Amino acid sequence: MSDVLLEVRDLVKHYPTQQGLFGGGGAKVRAVDGVSFSIASGETLGLVGESGCGKSTTGKLILRLQDPTRGTILWRGRDISRLSQGEMRPVRRELQAVFQDPYSSLNPRMRAADIVAEPIRNYDALPQAQMRERVAGLFERVGLRPDQMVKYPFEFSGGQRQRLGIARALSVRPKLIVCDEPVSALDVSVQAQVINLLMDLQQEFRLSYLFVAHDLAVVEHISHRVAVMYLGKVVEIAPKKAIFTRPQHPYTEALLEAVPVPDPAARRKRRVLGGDVPSPIKPPSGCRFHTRCPYVEERCKLEEPPLKEVVPGQFVACHLRQPVAMLKQEAVA
Ligand code: SF4
């Protein structure tokens with residue numbers, strides 16, 4: 001999977017705060033604060049972290065639904081981070097999205113077939129019959145019936161609406177889809193169906209996904225690699241197996257330990273991550289996780305740990321972890 005489609009370098013999004021009844025103007029919310037990663041063709045990168053860590057904002061920046069404050073977004077080697085909306089038009093065809101709540105992202109006054117046809121019309125002037133055939137093919141591919149083409153979004157179940165959202169994203173033959181919590185509003189049994197559909201489509205069309213989610217079980221199932229975010233930063237990024245079997249960052253450890261387990265004995269042994277997530281307006285100095293980290297040292301409060309490769313392919317931002325190169329030197333000495 002070395003065919004890199006998307007590369008994000010030091011991406012930053014700060015929002016200025018507004019003056020309110022209790023003051024507060026002039027500060028910045030550091031929603032995304034120096035995020036870097038890449039996604040290869042046919043790869044799924046899971047993006048996880050607690051609510052407010054910046055994972056959804058990262059997805060919106062990549063889609064250019066919001067402008068980054070700083071940083072670079074390379075799409076197939078081209079910097080798209082400063083393109084105008086007009087210049088983004090051909091890129092949007094290749095870069096689509098599926099959101100958590102398909103109901104709010106589907107026009108309630110349009111029939112399902114027109115919802116799916118709309119993005120195609122933006123790019124291709126197809127004759128009516130050909131358009132109908134293409135839309136019917138998409139309905140079939142995502143598991144919707146032909147008779148549902150004339151229905152309105154409110155006539156679909158939650159899972160069917162998400163299938164409709166996927167058909168619409170797929171309609172312009174994208175290369176990468178940003179999936180922002182695409183199954184978190186669905187029942188567990190329906191979640192599995194939609195995830196399996198996304199995985200089948202990936203195989204068939206060699207799609208790439210940036211899969212933003214808080215449910216670690218879902219992320220483990222669908223991802224090839226996983227990036228863990230905390231307070232606007234990536235603290236660990238590694239192949240899925242490494243993240244779930246030998247996490248190297250204390251925050252990743254804590255997230256995994258917070259996953260509910262059915263066995264009460266196992267539950268008693270688990271460590272619960274204490275404290276609230278600090279404000280992204282004034283993040284802690286040094287390592288942002290130091291106010292909640294069970295291994296905190298003096299140095300952690302002063303120096304920000306860089307993201308470094310501590311095991312081949314596994315990158316971690318923690319002072320406790322040695323970079324691979326240093327480990328090799330120590331072994332030789
Ligand atoms: Fe914990 Fe220090 Fe590592 Fe941060 S750098 S995760 S505070 S041990």
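Nothing fancy with the numbering, it's 1 onward along the sequence. No experiment lies behind these values; they were computed from the predicted model shown. Ligands are counted one by one from 1 in listed order, and the atoms in each one are counted from 1 as well.
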What's the verdict on side chain to side chain donor-acceptor pair (under 3.5 Å) for Arg92 and Gln85, showing C-alpha distance, side-chain angles and the deciding distance? CA-CA 9 Å; Arg92 283 200 197 291; Gln85 290 306 317; 2.4 Å; yes

Should the heavy atoms of other residues, nucleotides or ligands under 6.0 Å from CD of Glu204 be counted, would the total exceed 12? yes

Carboxylate-amine/guanidinium contact Asp114 Arg121, below 4.0 Å: yes

Ignoring hydrogens and geometry beyond distance, is a side-chain donor-acceptor pair present between Asp79 and Thr72 at under 3.5 Å? no

Tell me, please, whether Phe139 has Arg163 positioned over its six-membered ring: NZ or CZ under 6.0 Å from the ring centre and within 45 degrees of its axis? no

Closer than 2.8 Å to atom 3 (Fe) of ligand 1, which protein N, O or S atoms? Cys318 SG

List in chain and number order the residues that pass ring pair (Phe, Tyr, Trp, His ring centres under 6.0 Å) with Tyr251, two or more places apart in sequence or in another chain; answer none if no residue qualifies. Tyr230, Phe289

